[in-house]
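Each residue takes its place number in the sequence, starting with 1. Owing to the predicted nature of the structure, the values given are computational and were not obtained by experimental measurement.
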Amino acid sequence: SRPSAQAGAQHSVAPPAPPYRRRSRTAPMARGAAVAFLALLSLSALAAEKCSEKARGAVEQVLHKNEACALDACAGLTVSLKPSRGAEGPEFTEELATDASEAQGEVEGELEISAVDRTIALMLLGGIIFVFSLFNIVNLQDEDMVYYSWRMISSTISIFVAVMTFQCFQMLMYRIFGLTSKQGRALGDFLLMCVLYVAMQIIVASESGMLSSTLFDATMTRMVKGKPVPVTLGEQDECRHMRMKCSGILLSHMTGFAAISFGGSVQQEFWVSPADFEDSPPHWGLTLLVAVVGFASQIAVACGVRALRLQRISLRRSEHEQHRVMRVTSRLEDPPALQNDTAAARSHSEVAEVKRLSLLCAKEWDEHISECEVDVTALSTSFLVVQGCRYAISGVLPNTMGVEDEDWHHDLGCTVHLMMLAGAFAAGTMVLAWVGEMPKVAERYERLVEHMSAALEGSVAMCFAWCLLYSSKWQLVRILPESGNPNAASSLIVQCFSMSVGSFALILVLDKLADMDWTGERVDKAILRIITALGFLVGFSWEHSFDGAVTAIADLNHAHPKTSKFVLGLSVFAFLLRPWSLYILRRAMQLEELKIQRQKFGQKRRTLRAVDTEAHHEQKERLIMEIVSRV
């Protein structure tokens, strides 16, 4: 029966999968997830073993005491029962001793489960459940949910890698220049922010091809099964676009966190103790003023840099208008190769394609670097605004990275106020998305207003995410007081899991709401803004948990914890950069492109339906008029 079953399975036709689902992409990701899981498993076991040495010593002492007590009790029971048994005494005593030894072995077997064993067991079961939950999420039937899931995973990993890399640069700069005072570190953070901002501009321009004389090379080949295969211009353009997106996202996040560190250092200058907070109310207003000044400064710098970009783009367009096209192949420069009409036509088509792609590269460069600048402004401004709000509500100003080292216990009123503030920011996000385009202004200020509106929308959306993150952190301290410090790795993991589940459930509801027919284009845009903010919320929560885990592992080296964290940060960057850029980011970009295509197709279909309906009504009215005229 087995061959027939196999034959039937071969002849059965499975339903075709959607074209955008490429199952081969999951294999490298599964291998990477397995390697990461094993590494985390070993590191967690080492950490738990290191932290539980004293606990194991205490457990061993308790075991020895319990063993002595159990043996004494068994001996006393045997002696007390021996005289009353008569002839059966020795047999009964031997049986009782055997039962006592078996009971003692069972007790010892139960007590030998240490904290390390429990940690490894929880890590194993939790890791398996988490990995398979991710596989279920990224293979849902809803196309929009698949896109949101991949985008959420991509943003989480990019934020984590960017934060770890930024902290490595920051620690290295502090160590080289010997920056120990607050003023010195604030100046160092400002210089690091400027360096990262300039590096973002230069590297993104270089990856986009605007700083190179040759964008594409038609002679480029790659080895496939030992044979050279030519790389088309479309494939080269895709690789260029991928490198530009990867470098832009990472450097924008790093620049944003550098701006956060600098702004937080400036806010620390206005800090007062919680006891004197009520007598010094203007200080929390000054912390908010830092965020406003930072927002205005970044907008001005971005507009100035864009003026330089437009000059470069206009120069590139003038070069194409004068027919100074870059070299495509050596065949184009060889006159004998153009004697054939077919070769000449192919050459002219390739030149036209290179012209089109070159102008497209210039447009993509301007759009992507503008998105990176908006990301930097929104990330830093939103964090500094929420820092000031937390200070105004609780009277405790966190450190430059938003961590409350002390006084993390807050009453219910503080949590409710921060929750209400999160709701206000969510409402503001929906209002800004509902309003849509800004009012028309003069042409010279049009780009400034557009950039400012995009940065404002992103800042308000991220304010919603930050407020929800820290309000949940305050509430978890109230719900689970036995967890201790909320900045510990265990508390952060509980928080990120709860935030991930809640955010995914809310995104599912919002997606169902956006799919309904009665929601218009503006409502869908507002819902998309909220979903994007929830994605950032999940990314921020997981970044905090990852950072806490790295700090806990680095603390095993008590002599040099900062050196250990520096090495771990570089290892994380080297280990996660390639799989994130090749598989996760690429998949998210493909799904985003498909979503845009579906939206364009839906708009065209609605337009055609409207045209058909209008034509049908006109034809119907014409027939009625003809009938009336005949009558």
Side-chain angles (χ1 to χ4, degrees), residues 17-41 127-165 203-204 207 222-225 229 231-232 234-254 364 368 371-372 375 500 504 507 532 535-536 538-539 542-543 546 569-597:
Y20 64 91
R21 295 188 178 179
R22 301 176 63 181
R23 300 293 180 180
S24 59
R25 296 287 186 187
T26 59
M29 187 182 67
R31 291 194 295 268
V35 174
F37 169 68
L38 293 176
L40 290 175
L41 183 63
I128 291 175
I129 294 174
F130 181 73
V131 170
F132 279 91
S133 299
L134 284 182
F135 276 108
N136 288 328
I137 290 173
V138 299
N139 289 281
L140 293 173
Q141 297 296 326
D142 194 343
E143 299 171 351
D144 293 335
M145 289 302 300
V146 173
Y147 164 66
Y148 298 143
S149 302
W150 279 101
R151 184 176 179 180
M152 191 181 303
I153 295 171
S154 178
S155 64
T156 301
I157 297 177
S158 64
I159 291 173
F160 173 53
V161 173
V163 170
M164 295 302 300
T165 310
I203 293 176
V204 173
E207 294 295 341
R222 61 180 177 181
M223 301 302 294
V224 178
K225 296 182 179 180
V229 177
V231 181
T232 63
E235 293 175 349
Q236 295 182 39
D237 181 66
E238 183 182 359
C239 294
R240 177 202 57 81
H241 185 66
M242 179 63 61
R243 293 194 305 268
M244 183 182 67
K245 291 285 288 186
C246 178
S247 58
I249 290 173
L250 287 181
L251 288 172
S252 64
H253 289 341
M254 293 172 62
E364 289 180 351
H368 182 60
E371 291 178 0
C372 294
D375 190 14
S500 300
F504 183 78
I507 288 174
T532 304
F536 279 111
V538 175
W542 278 101
E543 185 275 324
F546 290 153
L570 293 181
S571 302
V572 165
F573 177 80
F575 181 76
L576 295 181
L577 180 62
R578 187 175 182 275
W580 169 70
S581 60
L582 290 182
Y583 308 117
I584 300 177
L585 180 61
R586 184 187 297 272
R587 183 63 170 165
M589 291 174 59
Q590 291 174 353
L591 293 173
E592 182 178 5
E593 185 177 356
L594 288 174
K595 183 177 177 63
I596 294 173
Q597 293 177 0

Inset, instruction - Take Glu238 and Met589 through the side chain to side chain contact (heavy atoms under 4.5 Å, CB included) test and state the conclusion after the steps. - result: CA-CA 11 Å; Glu238 183 182 359; Met589 291 174 59; over 6 Å; no
Inset, instruction - In sequence, state the C-alpha distance, the side-chain angles, and the governing distance for Arg586 and Met242, and then conclude on side chain to side chain contact (heavy atoms under 4.5 Å, CB included). - result: CA-CA 7 Å; Arg586 184 187 297 272; Met242 179 63 61; 3.4 Å; yes
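- Residues forming a side chain to side chain contact (heavy atoms under 4.5 Å, CB included) with Ile137 (at least two apart in sequence, or on another chain): Ser149, Phe504.
- Residues passing the side chain to side chain contact (heavy atoms under 4.5 Å, CB included) test with Leu251 are Met200, Ile203, Met254, sequence neighbours excluded.
- Ion pair Glu364/Arg240 flagged as a salt bridge, since at least one NZ, NE, NH1 or NH2 atom sits closer than 4.0 Å to an Asp/Glu carboxylate oxygen.
- Counting only distance, with no hydrogens or angles, the side chain of Trp580 and the backbone of Ser154 share a donor-acceptor pair below 3.5 Å.
- Note that CZ of Arg578 is 12.0 Å distant from SG of Cys246, once rounded to the nearest 0.5 Å.
- For the atom pair NZ of Lys595 and CD of Glu143, the computed distance is 9.5 Å after rounding to the nearest 0.5 Å.
- Listed for the His368 side chain is a donor-acceptor partner under 3.5 Å among the backbone atoms of Met244.
- Side-chain N/O atoms of Ser500 and Trp542 include a donor and acceptor closer than 3.5 Å.
- We find the CG-CD1 distance between Leu250 and Ile159 to be 11.0 Å, quoted to the nearest 0.5 Å.
- Annotation for Phe160 and Glu543: closest pair CA-CG, 4.1 Å, computed over non-hydrogen atoms.
- Closest heavy-atom contact between Gln236 and Val231: NE2-O, 3.3 Å.
- At least one side-chain heavy atom of Gln597 sits under 4.5 Å from a side-chain heavy atom of Leu594.
- Between atom OH of residue Tyr583 and atom CD1 of residue Ile153 there is a gap of 16.0 Å, rounded to the nearest 0.5 Å.
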Inset, instruction - Carefully, step by step, assess Ser155 and Val538 under the rule side chain to side chain contact (heavy atoms under 4.5 Å, CB included). - result: CA-CA 9 Å; Ser155 64; Val538 175; over 6 Å; no
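- Taking CD1 of Ile584 as the reference point, atom CD1 of Ile157 lies at 3.5 Å (rounded to 0.5 Å).
- Val138 is not listed as a side-chain neighbour of Arg587, based on a closest heavy-atom distance of 4.5 Å or more.
- You'll find the side chain of Phe546 stays beyond 4.5 Å of the side chain of Val163, heavy atoms only.
- Atom-to-atom distance recorded for Tyr148:OH and Thr532:OG1 is 7.5 Å, nearest 0.5 angstrom.
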Inset, instruction - Begin from the C-alpha positions of His253 and Val161 and carry the test side chain to side chain contact (heavy atoms under 4.5 Å, CB included) through to its verdict. - result: CA-CA 9 Å; His253 289 341; Val161 173; over 6 Å; no
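- When all heavy atoms of Ser252 and Asp375 are compared, the pair lying nearest together is OG-OD2, 3.2 Å.
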